[in-house]
Amino acid sequence: MHMINTSEILETLSMIDHQKLDVRTITMGISLLSCISEDEDKLCANIYDLITRRAENLVKVGREIERDYGVPIVNKRISVTPAALVTGAIKHPVKVARALDRAAKTAGVDFIGGYSALVQKGMTEADRRLIESIPEALATTDLVCSSVNVGSTRAGINMDAVRLMGDVVKQTAANTAASGGLGCAKLVVFCNAVEDNPFMAGAFHGPGEGDCAVSVGVSGPGVVKVALEGVKGASFDEVAETIKRTAFHITRVGQLVAREASRRLNVPFGIVDLSLAPTPAVGDSVAAILEEMGLEVCGTHGTTAALALLNDAVKKGGVMASSHVGGLSGAFIPVSEDIGMIQAAERGALSLEKLEAMTCVCSVGLDMIAIPGDTPAETVSAIIADEAAIGMVNNKTTAVRVIPAPGKVVGDSVEFGGLLGHAPVIPVRGFSAAEFIHRGGRIPAPLHSLRN
Amino acid sequence: MNEMKKAVISVLGTDKKGIIAQVSRILYENDANILDISQTIVSGLFSMILIADISSEACSFDALKTELDALGDRLGVQIRTQRSEIFEAMHQI
């Protein structure tokens, strides 16, 4: 067998030390379907017991893997069955949110996702109760993340849900006004949500999953940026090849960690999510990769094309490195969590419209964007509808995680702290979409022939 | 298949007497067998990469790492001990 050589070892060490290579998350998905009860306290106890039992060793094993391989594993997380599927027989789903929060704290994880409802076509009473409780749930828990799927390519867009989510986002911001509307950072509105996403805030353990699985989300925008510094002025063919090669290396680390976590926890391996997830740290930015390709600033003309190439090359490189790929796989463009994106927004180079265009060609959507606090709920709904339409028509996952920052106006900045970073408040269109949003009903699923 | 378990030990810091001697003593005491060493000094900066077989029953990765971490602190150099799989995974198909 080939003995690893010094230069390969140094390359790996340099990626970890200087280019911020890390495994962003090990996420354990847990099905809550066996917990169902019509007694609220019994349901909550079942959920707490099941999660704390299954995830008992998650954080410990995460730390051991980190220690053995010398690669940082930034987050350990739990995702659960969308809570609306297990709260059908009870009146107060928010109690489940609190049980999830307690279980996450006992397990010692960073976040728990799955206070969620899947309402792309219709909404049960349980879905409605859960969605209406989201603002309270996010204001009274610390670690719970919530998501709602309002549309899909097969079902169309549930515009009643879209209207409701505008209110929910606004109310969540109001309930967490003291922290700049932080609750909204834990709330994602999806179209075509995936069932095995390990990334927050949109992680949940889909109803098509088994009892338990561990998935891993990789990271490493800094590694890609540094690799591209080595091909300055080269053609896009070479740029794409370089990104593919780098993504392969990064993903192999994710695959190793996922396999080890699965073995040590004795839980089936779910997927590796091939994502380039930035952090606010310098040298860990997706925007910086696009700028390295030759753009003066992220958001200028050419950004969409650069991102399309990046997103595709990351997937092509990553797919071969892992036995099962899934989740959101692609480049993330959360504004507040990426120093290059923050700077681009502050310079006025990055508008909501450009971000929307970028979401057509990359993973997920309008992410961690602060908008003025007085933005009407209908405008938030309309932003959600636009983004869902992009996902629906293009057969991809899209999402909206915007923060209408209470009391803030364009030019202000909102500080979320930690990995969530800070965000300059960017303008939304001042013209009303209220009448459009109040129509309600469904936007029919799109035709998938005659594609233009 | 019972594959050989390996550790990669990388040392970086200001050059001083006895770094290699002390690292290899700890490896010997922990029943680890050195497979490969490469070492250079560039303008006073000592850099060494050592690959050791840690398959022996008497050899505990955790104990070895703890001792080498402590040695690094004593010598004022960075000593990192990692399982070799991360390097193999990244660079081999």
Side-chain angles (χ1 to χ4, degrees), chain A residues 1-19 21-23 60-61 63-73 216 218 220 223 227 244-264 269 272 317-323, chain B residues 1-13 20 23 30 32-42 45-55 59-73 77-93:
Chain A
M1 190 179 119
H2 160 82
M3 179 80 95
I4 21 174
N5 69 41
T6 310
S7 71
E8 289 168 347
I9 290 171
L10 289 173
E11 188 187 338
T12 302
L13 293 177
S14 170
M15 284 182 191
I16 294 168
D17 289 348
H18 306 301
Q19 300 163 28
L21 170 66
D22 56 46
V23 169
K60 181 171 142 281
V61 163
R63 292 210 180 106
E64 282 168 9
I65 293 174
E66 204 168 17
R67 181 181 155 89
D68 286 0
Y69 299 113
V71 63
I73 298 170
V216 159
V218 299
V223 183
K244 276 160 64 179
R245 245 191 331 269
T246 312
F248 178 84
H249 286 319
I250 297 171
T251 309
R252 291 288 284 181
V253 175
Q255 169 77 12
L256 170 70
V257 168
R259 208 186 55 214
E260 271 304 300
S262 158
R263 189 180 66 77
R264 295 181 191 196
F269 162 51
V272 172
V319 154
M320 198 183 148
S322 172
S323 51
Chain B
M1 188 175 70
N2 210 351
E3 237 182 58
M4 186 193 283
K5 265 166 59 184
K6 296 192 290 284
V8 173
I9 295 139
S10 49
V11 185
L12 196 67
I20 296 180
V23 169
N30 281 275
N33 184 33
I34 296 173
L35 301 171
D36 188 32
I37 302 187
S38 77
Q39 183 255 308
T40 53
I41 296 167
V42 181
L45 196 69
F46 176 92
S47 136
M48 172 172 81
I49 289 174
L50 189 153
I51 301 171
D53 174 5
I54 55 166
S55 317
C59 181
S60 142
F61 175 83
D62 279 343
L64 180 65
K65 182 175 167 68
T66 306
E67 280 187 52
L68 287 169
D69 285 353
L71 175 66
D73 289 343
V77 296
Q78 187 198 74
I79 302 185
R80 217 169 346 176
T81 311
Q82 291 161 277
R83 291 280 299 268
S84 65
E85 286 96 328
I86 182 161
F87 304 100
E88 288 153 3
M90 207 184 234
H91 298 286
Q92 296 170 8
I93 299 179

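No hydrogens, no waters, no symmetry mates; every other heavy atom, side chains included, goes into these values. Numbered from 1 within each chain, the chains take letters A, B, ... in sequence-line order.
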Q: Output the option from A:L13, A:V253, A:V71 having the highest count of non-hydrogen pairs under 4.5 Å with chain B.
A: A:L13

Q. Under a 4.5 Å heavy-atom cut-off, does chain B meet the side chain of A:L256, its backbone, both or neither?
A. side chain

Q. By a 4.5 Å heavy-atom criterion (distance strictly below it), what part of B:S47 contacts chain A: side chain, backbone, both, or neither?
A. neither

Q | Non-hydrogen side-chain atoms of B:M90 and A:M15 separated by less than 4.5 Å | A | yes

Q.
Strictly distance-based, threshold 3.5 Å: is any side-chain N or O of B:R80 a donor or acceptor partner for the main-chain N or O of B:L12?
A. no

(Q) Using the rule given for side-chain contact (heavy atoms from CB on, under 4.5 Å), can you reason through B:T81 versus B:F61, listing the C-alpha separation, both sets of side-chain angles and the distance that settles it, and then say yes or no? (A) CA-CA 9 Å; B:T81 311; B:F61 175 83; 4.0 Å; yes

Q. Which answer fits A:I16, side chain, backbone, both or neither, if we ask what part of it has an atom under 4.5 Å from a heavy atom of chain B?
A. side chain

Q.
So which residue, B:I49, B:V8, B:L35, B:D36, ends up with the most heavy-atom pairs under 4.5 Å with chain A?
A. B:I49

(Q) At a 4.5 Å cut-off on heavy atoms, which part of A:E11 comes close to chain B: side chain, backbone, both, or neither? (A) side chain

Q: Take A:R263 and A:E260 through the salt bridge (charged side-chain N to carboxylate O under 4.0 Å, His left out) test and state the conclusion after the steps.
A: CA-CA 5 Å; A:R263 189 180 66 77; A:E260 271 304 300; 2.9 Å; yes

Q) By salt bridge (Lys or Arg N to Asp or Glu O under 4.0 Å), which residues pair with A:R245, not counting sequence neighbours? A) none

